[in-house]
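Lettering of chains follows the sequences in order, A, B, ..., and the numbering in each one begins at 1.
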2 protein chains.
Amino acid sequence: MPSIKPPLSAMATPDDTEQQFYEALQTGDFARLMAVWSDDEAVVCVHPGGPRNVGLDDVRSSFEKVLSRGPIDIHPEKIHRLAHQDTAIHSVLERVPVTTDKGPATAWMWATNVYVKTAQGWKMVLHHSSPGLMGQAAPPADIGNTLH
Amino acid sequence: MPSIKPPLSAMATPDDTEQQFYEALQTGDFARLMAVWSDDEAVVCVHPGGPRNVGLDDVRSSFEKVLSRGPIDIHPEKIHRLAHQDTAIHSVLERVPVTTDKGPATAWMWATNVYVKTAQGWKMVLHHSSPGLMGQAAPPADIGNTLH
């Protein structure tokens, strides 16, 4: 049986781990998605407009539901990075092309992703995604982004 | 002129700093609110359904707007704590009593607050607040909270 965990080198940096997280959502690869998460009962996940999932079992259940509807065409953009020792905090604009009654449109979300360095590489401990500016066709304004 | 910064002892722990943050919102104390933030150009703040504010100047401007409408009767509940070295990540249920056409109601938000330990005590570097489960009168379900 193939290992469900990617090689450690694949999560050598927070950016590596973040890339795996979004690629796993894009390809609907549940095992790869869960391998991104820290094996820590304190992990937290909030999907847009949803409840808070605390602990690995409930995070797993929440993503089973999400992926039961198929892969998600989600694209991380405008990644803003904060780092302190072995903790990385990323603020990400998530872009999801959607189809509406009026034709193609784009859903925008703001996500906060937190990673910590472990013996198994950088692992996700928190994912909090929420709707961007309501009813906006263009990307939500990123106040202050000219500084970065 | 009195100092606008509280004594260091007031931010000796992440919980102290979080308490000051919510008390400053409750009392409309802008100086106290800004004293909670790290003096770091990478700080990030997302208000519910709003844009992303990056950098201390834009975080300050966003809270000027928020408090220009007066103090906010906001109450942190169900605080879930993650910690890694000198970084603390809190997931908080924010409760805000509101008045609607149909009478008193409650707005619920999920917030992610991140604090880092600095020479000036524990300081906020990220605040991301978003609407809880839509149209729900009771507190949003906290999946897995029986574990914690």
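The backbone N or O of G50(B) sits less than 3.5 Å from a side-chain atom of W110(A), completing a donor-acceptor pair. With hydrogens and angles disregarded, no donor-acceptor distance shorter than 3.5 Å links the side chain of Q85(A) to the backbone of T87(B).
Considering only residues two or more places apart in sequence or on other chains, D29(B) meets the salt bridge (Lys or Arg N to Asp or Glu O under 4.0 Å) condition with none of them.
To the nearest 0.5 Å, atom OG1 of residue T112(B) and atom CD1 of residue I89(A) are 11.0 Å apart. Within the model, atoms NE2 of H128(A) and OG of S91(B) stand 7.5 Å from one another, a figure rounded to the nearest 0.5 Å.
For the options L82(B), V43(B), V59(B), D40(B), heavy-atom pairs under 4.5 Å to chain A are most numerous at L82(B).
Proximity to chain A (any heavy atom under 4.5 Å) is restricted, for A111(B), to the backbone atoms N, CA, C and O.
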#### Entry: Intermediate values then yes/no, side-chain contact (heavy atoms from CB on, under 4.5 Å), H80(B) and V44(A)
CA-CA 9 Å; H80(B) 176 78; V44(A) 174; 3.1 Å; yes
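Nearest heavy atom pair, residue V92(B) against residue R52(A), reads N-NH1, 3.9 Å.
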